[in-house]
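Counting convention: from 1, in listed order, for ligands and their atoms alike.
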Amino acid sequence: MSILRDKFGRKISYLRLAVTDRCNLRCQYCMPAEGIDIVERKELLSFKEMYRITRVLSELGVNKIRLTGGEPFVRKDFVKFLESLSFNDKLEEINITTNGALIAKHIPTLEKLNIKAINLSLDTLQAERFKIITRRDLFKETYQTLEELLDSNLILKLNVVVLPGFNTDEIVDFVELTKDKNLAVRFIEEMPFNGTGLRQTKEVWNYDKIYAEIAKSYTSISALKIKKSSTSRNFKVENYLGTFGIIPSFTRTICSDCNRIRITSTGMFKNCLFDEGVFNLRDFMRNGASDNDLKKLFIDTVQQKPRNGFVAEANRNNNKDISESMSTIGG
Ligand code: SAM
């Protein structure tokens, strides 16, 4: 039972932790071609600091954690960090979001460590397009990871950012993957976190538009029951093995059931994806904070969680225009 509760009565039990700001891809919707200004290594939380944060949060009732980045697997010793996390029996679920390009060889270890689910980011099923979207030629490696994950005992979810001008004509191809593959394809509304402060296009493919595109091709789609705090609304085409879902990340219709907090790779605590970071945990810890100081800080800070992502965005001080990359925030 989580002790962390905000003033709207939402209980916080889920941490998204970015383990690095570095990435081996340069996805157009996430960062400019030259990459983002990465921070010096000493500014990143060490794994020891991350371990401490997760231990303290788990004592307050956080029982689910997602490791993300940047690309988590580019950080040296990430797999060793997973091993240490797996000893924390208060964590009921450890999941990872990855682009998959580096991970095929780690899959047996991830299975042994009881990692529950891998969210694999893949925005196209076409090698040439993959090169354009990610600015890297790694489709073969990523698709191999997808196939090996399907053969593993890890739950596989595919994250597909819907990008007008790039992949909207593949939405149905992705749904077709679920015909005989046991995976969950999740379409994500594009957000402005692309490291430039500019939108790629003015057109936004929102939840309704994505659903309408899929509904044109199928006569029998059923809505699935979801957990209250789920980020996606999920569906199944009749007789298909897998499922598909839509994540209204930009239209933000899921905030009322939010149970999440985020910590960036530099230790910035975020109550909401759209806030600009509310507290620097790294400096707090490096200045000698005790576990009790950390606990008090988490309890007090979570209280201030904004009602929704629109309020969080409006409350930004220095940085009214969103110009961060998801790679800095942790997606
Ligand atoms: N490198 C890992 C990966 O590719 O999955 C983890 C980090 S990545 C920032 C996490 C997720 O954020 C990915 O699924 C990515 O597609 C998504 N993402 C990045 N920029 C986004 C944007 N502007 N809008 C929506 N989703 C975005």
Side-chain angles (χ1 to χ4, degrees), residues 16-32 35-36 38 65-75 78 82 95-103 106 110 115 117-124 129-130 133-136 138-139 141-143 145-146 149 154 156-168 170 174 183-201 203-207 210 231-232 245-252 254 260 262-265 270 273-274 309 313 321-331:
R16 294 193 177 198
L17 175 64
V19 301
T20 180
D21 59 350
R22 276 93 166 144
C23 192
N24 49 334
L25 301 185
R26 292 286 176 275
C27 299
Q28 302 220 14
Y29 55 83
C30 187
M31 60 176 81
I36 51 170
I38 53 171
I65 178 166
R66 168 171 306 286
L67 286 323
T68 179
E71 172 51 39
F73 287 89
V74 301
R75 184 145 181 190
F78 173 62
L82 289 176
N95 300 325
I96 306 170
T97 301
T98 172
N99 61 42
L102 300 170
I103 81 159
H106 294 299
L110 301 181
I115 303 303
I118 300 291
N119 286 21
L120 180 68
S121 303
L122 181 65
D123 308 306
T124 176
R129 269 195 193 173
F130 184 95
I133 294 174
T134 67
R135 304 185 178 106
R136 294 292 183 270
L138 287 165
F139 178 78
E141 290 78 354
T142 306
Y143 204 83
T145 296
L146 185 156
L149 283 168
L154 299 158
L156 174 58
K157 299 182 183 179
L158 276 195
N159 281 2
V160 183
V161 182
V162 177
L163 303 161
F166 287 102
N167 66 359
T168 50
E170 287 187 70
F174 273 106
L183 51 77
V185 173
R186 292 124 45 85
F187 299 103
I188 306 178
E189 291 177 346
E190 187 189 359
M191 295 178 286
F193 298 108
N194 57 23
T196 66
L198 303 169
R199 280 200 86 83
Q200 308 250 37
T201 60
E203 192 185 359
V204 177
W205 273 58
N206 64 16
Y207 178 100
I210 298 167
T231 48
S232 58
I246 305 175
I247 303 183
S249 41
F250 186 60
T251 48
R252 291 164 254 186
I254 45 180
R260 291 174 290 283
R262 290 170 191 266
I263 296 173
T264 71
S265 56
K270 286 170 73 76
L273 176 59
F274 285 85
E313 191 176 348
D321 294 325
I322 289 171
S323 59
E324 311 97 291
S325 157
M326 277 298 267
S327 200
T328 315
I329 302 171

Checking a contact table here: which protein heavy atom is nearest atom 2 (C) of ligand 1, and how many Å away? E71 OE1, 3.3 Å
Residue, atom and distance of the protein heavy atom nearest atom 26 (N) of ligand 1 read V161 CG2, 3.6 Å
What part of T98, side chain from CB on, backbone N/CA/C/O, both or neither, has a heavy atom under 4.0 Å from ligand 1? backbone
If you have a sec, work out which protein heavy atom is nearest atom 8 (S) of ligand 1 and how many Å separate them, to one decimal? G69 O, 4.3 Å
Whether R22 side chain and V74 backbone form a donor-acceptor pair below 3.5 Å: no
What is the ring orientation for F187 with F174, classed by angle as parallel under 30°, tilted 30 to 60°, or perpendicular over 60°? perpendicular
Please state whether the rings of F250 and F274 are parallel, tilted or perpendicular, taking 30° and 60° as the class boundaries. tilted
So which heavy atom in the protein is nearest atom 10 (C) of ligand 1, and how far is it from that ligand atom? G331 CA, 3.5 Å
Residue N99 vicinity, atoms of ligand 1 by number, heavy atom under 4.0 Å: 2 (C), 3 (C), 4 (O), 5 (O)
Show which atoms of ligand 1 fall inside a sub-4.0 Å distance from at least one heavy-atom site of M326. 9 (C), 12 (O), 18 (N), 19 (C), 20 (N), 21 (C), 27 (C)
Taking the side chain as C-beta and beyond, is there a heavy-atom pair between R26 and R136 under 4.5 Å? yes
R66 side chain reached by R260 side chain, heavy atoms, under 4.5 Å: no
Flag the pair F78 / I96 as yes when at least one side-chain heavy-atom distance between them is below 4.5 Å, and no otherwise. yes
Could you check if a side-chain atom of D123 sits within less than 4.5 angstrom of a side-chain atom of Y29, using non-hydrogen atoms only? yes
If the cut-off is 4.0 Å to any non-hydrogen atom of E189, which atoms of ligand 1 fall inside it? 25 (C)
For N159, the ligand 1 atoms whose distance to one of its heavy atoms is below 4.0 Å: 14 (O)
Among all protein heavy atoms, pick out the one at the shortest distance from atom 24 (N) of ligand 1; state its residue, atom name and that distance to 0.1 Å. M191 N, 2.9 Å
Note: ligand 1 atoms sitting under 4.0 Å from heavy atoms of T68 are 6 (C), 7 (C)
Can a donor-acceptor pair be found, under 3.5 Å and without considering hydrogens, that links the side chain of E190 to the backbone of V161? no
Could you check if a side-chain atom of R186 sits within less than 4.5 angstrom of a side-chain atom of N119, using non-hydrogen atoms only? yes
If you measure only the distance, is there a donor-acceptor pair under 3.5 Å linking the side chains of T20 and E71? no
Just need the protein heavy atom nearest to atom 13 (C) of ligand 1, so name the residue and atom and give the distance. S121 OG, 3.2 Å
Using a 4.0 Å cut-off to any heavy atom of G70, which atoms of ligand 1 qualify? 1 (N), 2 (C), 6 (C), 7 (C)
Against heavy atoms of F193, which atoms of ligand 1 measure under 4.0 Å? 23 (N)
Going by distance only, is there an N or O of N119 that falls short of 3.5 Å from an N or O of ligand 1? no
